[in-house]
Amino acid sequence: MKQVHKFLPLTGVILIVVLSVAFGPSLIGRLSYAAEKGANEADREALSELSGHDRLSKLFRAVSRAVKPAVVEVRVRKRVAVPRMPDFDDLFRRFMDEDFPGRQSRRFRNQPLQPQRQQYHWQRGLGSGVIVDAENGYILTNHHVVGGADGVEVVLADGRKIEAEWVRSDPQTDLAVVKIKTDKLIAAPLGDSDKMEVGDWVLAIGAPEGLPQTVTAGIISAKGRVTGRSGYEDFLQTDASINHGNSGGPLVNMRGEVIGINTAIVSRTGVNEGIGLAIPSSMAKNVMKQLIDTGKVIRGFLGVTIQDVDKKLAESFKLPGTDGALVTQVMEDSPAGKAGIKAEDFIVAIEGKPVEDVNDLRNRVADLPPGKDVKLTIYRNGEKTTVTVKIAAQPAEMTAADGEKEEKTSPERYGLKVQTLTEELAARAGYGKDTAGVIIVQVAPDSDAAERGLKPGLVIDRVNGKKVTSSEEFASAVTAGGDKGLRLRVIAPNGGRYYVVISPK
C-alpha cells in the first residue's frame, strides 16, 4: 500500500505530460484566441469612446453638404474641321489626261472640278465650376475649360442641364465666368485666400475623370507658387487630390468658403502626385467683377522690366534685403518714366505694403485701376525714397484680345504644357544635373504632339533650332513659330536625343 502511494505522484506527473502533449496546442490556441478577442473588444470599446470626439469628420461632412450643391459639371463642345481626304476622281482624271491623253474616259472629259464639302465633328471636354452668385447665375471656372468652345452646358448638382447664356474668360489668369439662367440655385461664398496659412485644412470638390460631386481633403501646402508660364500667377498649392476634370472646381476652407479655383497639377505622369494648384480667390474676385461688368479685364501698367535679387546683388546695390524688385529697364513715355523711376531702382513697397518679389509686384500693379496715383517706396543708390506714379492701362499688345488669339500663340495651341526643368525636377525625372530645357507635364490626347509620341516626362531643349532653358523661352519660341509647325529636339531620361516636327491643333 505504501508503494502504491509512493508511485501516485509520479503517475500524476506522467498523466499531466501526456495530456499536455495531446491537448496542449489546442488549449494554448484557445487561450491565445481568447486573449486576442478580449484585446480586440477592448480596442473597439476605446474606438467607440474616441469616435465621439472625432470633430474633423463631422466638419468635413458639414462643409461638403454646404458646398456640393454649388458645384457643377461644365461640359464643352467645339466644332472641329475634319482633314480633307484627297479627291481621287480628280487624281484619276489628271492621271488619264497627262499620261494617256489618247485614252481619256468620256466620263471625266471636260468635267468641271467639284469642290469638296468640308466636314466637321464635335470635340467634347469636361471640367468643373462653382456657382458664386445664385441670383444672377454666375459660375466661376477656368479659361482652359471653356475658352474657344462653341457650346457650354452646365450640369447642376441636382441633375438639371442648362445651356450657358454667355461665357467670358481671361487667358492671362486662366479664369472664366459662365452665366446661366434658371431658378433654385445655391451659391458658395467667396472667402479671403490671403487669410489662409500653410497647414490649413481644405477640400477640393469637382468631377475628376467625369466622376461628379467628388470630395477630396488635404491642406494648404504652400502659397505664392509660380509655374513660369505666361500670365499672372500666385497659386495656392494643396495636396488635396486633383485630377483631370477638377479644373474650375472650388478649393474651400473649413467655413465652406471658396478660397481657390483648382486649375492645374504638377506631375510627371499626368495624374495626381500630391501637387495641386489653385488660383486664389483674392485674384479671382477682381477678374470676375471685370468680366461680369465689361466682358474684359483692364490691368494696371507701370512700364518697367524687373528682376529678383539675391544676397550678392543686394549687397552690391546697398539694399536692405532681397525682398522687392530691381528695375532693369524703364520704357519710354511710361508711367514709371514720367514719375522719374530709373534703372537700378529697387521697389520695396506699394502704398506702404511691402513687395515680396517680381511676381508680387507684377500681380499687384495689374490689379491697380488705371489713373490711380500710387506711392512706390524705392531704394536708389542705397537711399530710401518715395515716388508717386499715375498708373496707366496695360497696352493692348501686352494682352491677348480674346481666347482665340491666345490659343494660336501659346504652347497649349500645340497640345503641350511644359515647366522649366529645375535640378529637383531633373533628379525626380531621371535626368542629369547638366540637362537643361523644359519638361513636358501634359500632352493633349487629340494633338499632333501626342500622335508623334510626345508624353509627360520628356525634355525639350530646342525649338526650331533655338535653345530654350525655361518655360518663358519656350513660350516665346512657340509664338515666333506661329502656325507653321515646330521642330523640337527631345531628350529622353536615358540620354537619347531625337527631333520631331509637330503641327498646331
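This is a predicted model, so every value here is computed, not measured.
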Check: Asn286 side chain, Met283 main-chain N or O, donor-acceptor pair, under 3.5 Å: no
Would you please test Lys338 and Lys390 for side-chain contact (heavy atoms from CB on, under 4.5 Å) and show each step? CA-CA 9 Å; Lys338 294 175 181 177; Lys390 183 180 287 294; over 6 Å; no
Atom CZ of Phe301 and atom OG of Ser334: how far apart are they, to the nearest 0.5 Å? 6.0 Å
Glu233 side chain reached by Arg225 side chain, heavy atoms, under 4.5 Å: no
Residues Lys78, Asp150: salt bridge by 4.0 Å N-O rule: no
With heavy-atom distances below 4.5 Å as the criterion, would you say the side chains of Val501 and Leu486 are in contact? no
Any side-chain heavy-atom pair from Asp183 and Arg160 closer than 4.5 angstrom? yes
Without hydrogens or angle criteria, can the side chains of Asn136 and Asp133 be said to hold a donor-acceptor pair below 3.5 Å? yes
Least distance between heavy atoms, Lys467 atom then Glu473 atom: O-OE1, 3.9 Å
More than 12 foreign heavy atoms under 6.0 Å from CD of Glu165: is that the case here? yes
Are any of the side-chain heavy atoms of Thr214 and Ile205 separated by less than 4.5 Å? no
Does the side chain of Thr294 pick up a donor-acceptor pair with the side chain of Gln290 at under 3.5 Å? no
Using the ring of each side chain (for Trp, its six-membered ring), is Phe60 parallel, tilted or perpendicular to Trp201, with breaks at 30° and 60°? perpendicular
Nearest heavy-atom approach of Ser470 to Thr420 is CA-OG1, 3.5 Å
In short, Thr141 meets Gly248 closest at the heavy-atom pair OG1-CA, 3.5 Å
Does the pair Lys181/Glu135 count as a salt bridge with the N-to-O cut at 4.0 Å? no
Working note: Asp54 + Lys58, criterion salt bridge (Lys or Arg N to Asp or Glu O under 4.0 Å); need CA distance, chi angles, decisive distance, verdict. CA-CA 7 Å; Asp54 178 16; Lys58 295 178 181 178; over 6 Å; no
Would you say the side chains of Ser128 and Glu73 form a donor-acceptor pair under 3.5 Å? no
What verdict does the side-chain contact (heavy atoms from CB on, under 4.5 Å) test give for Ile378 and Val387, after you've listed the backbone C-alpha separation in whole Å, the side-chain angles of each residue and the deciding distance to 0.1 Å? CA-CA 7 Å; Ile378 66 172; Val387 178; 3.8 Å; yes
Just by distance, with hydrogens left out, do Arg380 and Thr385 show a side-chain donor and acceptor under 3.5 Å apart? no
Separation between CZ (Arg168) and CG (Leu175), nearest 0.5 Å, reads 15.0 Å
Would you indicate whether the side-chain heavy atoms of Leu126 and Val74 approach each other to under 4.5 Å? no
Would you check if the side chain of Thr386 reaches a backbone N or O of Thr377 as a donor-acceptor pair within less than 3.5 Å? no
Search all heavy atoms of Ala336 against all heavy atoms of Gly303 and return the closest pair with its distance. CB-O, 4.2 Å
Sorted by first residue and then second, give each side-chain hydrogen bond (donor to acceptor under 3.5 Å, both in side chains) pair with at least one member in residues 247-257; sequence neighbours left out. His144-Ser247, Asn253-Glu257, Arg255-Glu257
Within the distance-only criterion (no hydrogens, no angle test), does the side chain of Gln213 pair as donor or acceptor with the backbone N or O of Val71 below 3.5 angstrom? yes
Just checking, is any N or O donor in the side chain of Ser221 or Thr238 under 3.5 Å from an acceptor N or O on the other one? no
Pair Asp174, Thr263: side-chain N/O donor-acceptor within cut-off below 3.5 Å: yes
How far apart are the C-alpha atoms of Arg299 and Asp170, what are their side-chain angles, what is the distance that settles it, and do they pass the salt bridge (Lys or Arg N to Asp or Glu O under 4.0 Å) test? CA-CA 11 Å; Arg299 293 183 165 85; Asp170 177 46; 2.4 Å; yes
Has Lys223 got a side-chain atom pairing as donor or acceptor with Met196's backbone, closer than 3.5 angstrom? yes
With Leu140, the side chain to side chain contact (heavy atoms under 4.5 Å, CB included) member among Ile131, Leu190, Val258: Leu190
Validation row: Val154, Val178 side chains within 4.5 angstrom (heavy atoms): yes
Going by heavy atoms in the side chains, are Ile439 and Leu458 under 4.5 Å from each other? no
Once rounded to the nearest 0.5 Å, what's the spacing between atom CG of Asp367 and atom CD1 of Ile350? 10.0 Å
Interatomic spacing from OH in Tyr431 to CD in Glu423 - rounded to 0.5 Å: 16.0 Å
Donor-acceptor under 3.5 Å (Asp448 side chain, Pro504 main chain): no
Test side-chain contact (heavy atoms from CB on, under 4.5 Å) applied to Val177 and Ser169, step by step: CA-CA 6 Å; Val177 178; Ser169 66; over 6 Å; no
What I'd like to find out is whether the side chain of Arg462 reaches to under 4.5 Å of the side chain of Leu488, using heavy atoms alone. no
Check: Val145 main-chain N/O paired with Asn142 side-chain donor or acceptor under 3.5 Å: no
So which heavy atom on Leu313 is nearest to which on Asp308, and how close? CD1-O, 4.3 Å
Can a salt bridge be assigned to the pair Asp192 and Lys285 using a cut-off of 4.0 Å between side-chain N and carboxylate O? no
Check whether Ser471 reaches the backbone of Gln419 with its side chain - one donor and one acceptor, N or O, closer than 3.5 Å. no
side-chain contact (heavy atoms from CB on, under 4.5 Å) for Asp200 and Ile219? Distances and angles first, verdict last. CA-CA 5 Å; Asp200 286 347; Ile219 62 170; over 6 Å; no
Kindly say whether Gly191 contributes a backbone atom to a donor-acceptor pair with the side chain of Ser281 at under 3.5 angstrom? yes
Distance col, row Phe346:CZ vs Phe317:CZ, nearest 0.5 angstrom, shows 10.0 Å
Could you report the tightest heavy-atom contact between Ala70 and Ala188, atom names first, then the distance? CB-N, 3.6 Å
What's the spacing between Ile261 CD1 and Ile279 CD1 if we round to 0.5 Å? 7.0 Å
Tell me whether Arg452 at atom CZ has more than 12 heavy atoms from other residues, nucleotides or ligands lying less than 6.0 Å away. no
Less than 3.5 Å apart, any donor N or O on the side chain of Asn272 or Asn243 sitting next to an acceptor on the other? no
Under 3.5 Å, side chain of Asn246 to main-chain N/O of Ile242, donor-acceptor pair present? no
Is it true that a side-chain atom of Asn262 and a backbone atom of Pro250 form a donor plus acceptor pair closer than 3.5 Å? yes
From CA spacing to verdict: salt bridge (Lys or Arg N to Asp or Glu O under 4.0 Å), Glu163, Lys179: CA-CA 9 Å; Glu163 195 71 18; Lys179 178 176 172 57; over 6 Å; no
